[in-house]
Amino acid sequence: MKVKKGDTVLIISGKDKGRTAKILKSLVKERKVLVEGMNLKKKHVKPKKEGEKGQVISVTTPMDVSNTKFLCPKCGKATRLGYKIEKDKKFRICKKCKSEV
Ligand SMILES: [Zn+2]
């Protein structure tokens, strides 16, 4: 996966389509990303003590990385990432503006 934690992505499909947010976590094995405030699912929380009310909370759940597109911090465009190898070091580059990101 080319995107990583801290990257800003544009959601390109699903109910959050068109929104942008930051990646909180990347789940490489599952090829999923946890994007801040996106793909919210309602979760019922049972009361812990007697007399307390159960609650419904929204939790951010991971989404498929293919539903997101990297948003370049340099040119501000949704783009794909490429790699550049220089002096045995690998850099990620924006395919649109060719900047290191
Ligand atoms: Zn760019």
Side-chain angles (χ1 to χ4, degrees):
M1 278 192 342
K2 287 173 179 167
V3 291
K4 60 179 190 201
K5 185 182 168 187
D7 283 345
T8 300
V9 291
L10 171 71
I11 314 300
I12 53 167
S13 81
K15 63 179 160 82
D16 296 311
K17 189 176 172 181
R19 300 174 71 190
T20 59
K22 213 171 247 188
I23 294 180
L24 297 177
K25 203 174 182 186
S26 65
L27 307 151
V28 181
K29 265 190 221 156
E30 291 124 276
R31 299 196 58 79
K32 283 183 174 180
V33 283
L34 192 66
V35 188
E36 194 171 26
M38 300 292 147
N39 208 24
L40 293 176
K41 294 254 162 76
K42 287 213 161 71
K43 196 179 162 190
H44 294 264
V45 183
K46 281 187 186 147
K48 289 187 187 91
K49 286 181 221 153
E50 214 176 306
E52 264 185 7
K53 270 190 204 159
Q55 283 184 68
V56 179
I57 56 162
S58 292
V59 288
T60 305
T61 59
M63 66 168 80
D64 215 272
V65 74
S66 64
N67 291 341
T68 67
K69 217 168 178 193
F70 180 77
L71 205 67
C72 175
K74 301 272 167 66
C75 66
K77 286 179 181 143
T79 181
R80 284 198 296 158
L81 287 164
Y83 284 119
K84 172 175 90 170
I85 294 164
E86 218 169 70
K87 291 172 191 147
D88 295 331
K89 266 192 176 172
K90 204 152 109 178
F91 300 98
R92 294 193 312 169
I93 54 159
C94 163
K95 288 214 170 167
K96 289 237 162 82
C97 66
K98 313 285 180 207
S99 300
E100 248 175 59
V101 286

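On a predicted model such as this, the values are computed, not experimentally measured, just so you know.
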Is there a chain of hydrophobic side chains (I, L, V, M, F, W, Y, each step under 4.5 Å between heavy atoms) that links [X] to [Y]?
X     : Y     : value
Leu24 : Leu27 : no
Val59 : Val45 : yes
Met1  : Val9  : yes

Can you name the closest pair of heavy atoms from [X] and [Y] and give their distance?
X     : Y     : answer
Lys74 : Ser99 : CG-CB, 3.6 Å
Lys96 : Ala78 : NZ-O, 3.0 Å
Ser66 : Ile12 : O-CD1, 3.6 Å

query = Is any side-chain N of the basic residue among Asp7 and Arg92 closer than 4.0 Å to the acidic one's carboxylate O?
reply = yes
Can you check whether [X] reaches [Y] side chain to side chain, under 4.5 Å on heavy atoms?
X     : Y      : result
Asn39 : Asp16  : yes
Gln55 : His44  : no
Val35 : Ile11  : yes
Thr20 : Leu10  : yes
Lys32 : Met63  : no
Lys22 : Lys5   : no
Ile93 : Val101 : no
Val3  : Leu81  : yes

Give, for atom [atom1] of [X] and atom [atom2] of [Y], the distance between the pair rounded to the nearest 0.5 Å.
X     : Y      : atom1 : atom2 : value
Lys15 : Met38  : NZ    : CE    : 9.5 Å
Cys75 : Lys95  : SG    : NZ    : 13.5 Å
Thr79 : Phe70  : OG1   : CZ    : 8.0 Å
Phe91 : Glu100 : CZ    : CD    : 4.5 Å
Arg80 : Cys94  : CZ    : SG    : 11.5 Å

key: Check against side-chain contact (heavy atoms from CB on, under 4.5 Å), Cys97 and Cys72   = CA-CA 9 Å; Cys97 66; Cys72 175; 3.8 Å; yes
Could you tell me whether [X] atom [atom1] has more than 12 heavy atoms of other residues or ligands within 6.0 Å of it?
X     : atom1 : result
Lys2  : NZ    : yes
Lys84 : NZ    : yes
Lys46 : NZ    : no
Lys25 : NZ    : no

request  = Take Thr60 and Leu40, measure what side-chain contact (heavy atoms from CB on, under 4.5 Å) needs, and give me the verdict at the end.
outcome  = CA-CA 5 Å; Thr60 305; Leu40 293 176; 3.6 Å; yes
query = Passes side-chain contact (heavy atoms from CB on, under 4.5 Å), Lys4 versus Val33? Steps please.
reply = CA-CA 8 Å; Lys4 60 179 190 201; Val33 283; over 6 Å; no
